[in-house]
Amino acid sequence: LSGMVSDADMEQIVGSGGRLESTATALIGAANDNGGRDNITAVLFRVEDDGTGEGRRSDTESYDTIAGDQAAPSTEQIDAERQRIAELDTQARGPSTPAAAPVPAPTGAATAVRISQRASPVPRDPTSGMQPPRPRPAPRRRGRWLPRVIVGGVLTVAIAGGVLYAVTRSVWFVGTNNQGFVTLYRGLPYELPLGVRLYQQRYVSGVPALSLAPKRRKRVLDHQLRSHGDAVDLVRSLDTAGSS
């Protein structure tokens, strides 16, 4: 109740002077109006003088205090103090009434009322706070990695082959054939194992490489990668110079 009703509203409702039942009902209604989270419980007591003039004694002034520099009491001292407090409490309560004899409540005696009400009619799920069981991991199958490695290797080779093929189709270079004539090639000036060539012969000029001046021959036959137009122009210039 105290979490849903402010102290000021609670003081106003309790201080209205109504009956205990109506006051408790008003408190619970105020809590429901403010949201009514969880269960709402209100316990009210009305304490009045029964005319005897006797009350419970308070002997706290006779208790000894322990200074900070004194040693803590022993277990025997604590038990003895508990016994003394229990005897004082028994004396304050007075003689006990037998349980078999019903005693009517005297006029003006203390009365109590407790009213409980659930804030929501929806029952709670007892399993709401439980965590679901973790699924067991599936057993690993041996040998599943081998097909994956094979597929990955095939894809890698295929991609590398595609890139290499695209490169060999876009570059040119100038060299000599087996007879020593200046020749135009398409591709890369390399040979792979098993006799795989990365170039193709496209044109053979009529100019022997030995007929060129040493400096020019070194520049022409350096296997420099060229575009198609650059390589064709170079070979044509050699043919024109040789024929003249």
Side-chain angles (χ1 to χ4, degrees), residues 1-140:
L1 176 69
S2 60
M4 305 303 301
V5 182
S6 65
D7 294 343
D9 293 342
M10 193 182 306
E11 182 180 0
Q12 181 181 1
I13 295 173
V14 173
S16 62
R19 300 178 66 251
L20 294 182
E21 291 83 353
S22 60
T23 303
T25 302
L27 289 172
I28 293 177
N32 283 326
D33 293 340
N34 293 333
R37 294 192 302 269
D38 209 340
N39 298 336
I40 303 172
T41 302
V43 181
L44 303 182
F45 293 92
R46 176 178 286 114
V47 182
E48 300 176 354
D49 186 7
D50 59 0
T52 61
E54 294 183 357
R56 183 173 178 179
R57 294 186 303 167
S58 176
D59 297 327
T60 56
E61 295 181 356
S62 63
Y63 295 163
D64 296 332
T65 58
I66 300 176
D69 56 351
Q70 295 182 2
S74 62
T75 304
E76 292 77 6
Q77 293 175 340
I78 294 176
D79 292 339
E81 184 65 17
R82 288 178 178 173
Q83 182 65 26
R84 187 174 72 87
I85 295 175
E87 292 177 356
L88 293 175
D89 186 68
T90 302
Q91 295 175 5
R93 291 176 182 271
S96 60
T97 304
V103 179
T107 303
T111 59
V113 175
R114 174 174 176 172
I115 299 178
S116 298
Q117 177 179 338
R118 293 189 61 85
S120 174
V122 180
R124 292 185 177 180
D125 184 3
T127 62
S128 60
M130 299 176 59
Q131 296 182 355
R134 295 182 179 177
R136 295 183 178 179
R140 297 182 179 178

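Rounded to the nearest 0.5 angstrom, Leu27 CG and Thr41 OG1 are separated by 12.0 Å. Note that CD1 of Ile85 and CG of Asp89 are 9.5 Å apart. Values are rounded to the nearest 0.5 Å. Atoms CG and OG1, from Leu20 and Thr25 in turn, are 10.5 Å apart once rounded to the nearest 0.5 Å.
Note on residues 3-14: pairs passing side-chain hydrogen bond (donor to acceptor under 3.5 Å, both in side chains), not counting sequence neighbours, are Ser6-Asp9.
Glu81 and Arg84 are joined by a salt bridge, as a carboxylate oxygen and a charged side-chain nitrogen come within less than 4.0 angstrom of each other.
Of the residues Ile28, Asn34, Asn32, Asp33, the one that meets the side-chain contact (heavy atoms from CB on, under 4.5 Å) test with Met4 is Asn34.
For Ala26, the side-chain contact (heavy atoms from CB on, under 4.5 Å) partners are Ile13, not counting sequence neighbours.
Closest approach of Ile40 and Ala31 over heavy atoms only: CD1-CB, 3.7 Å.
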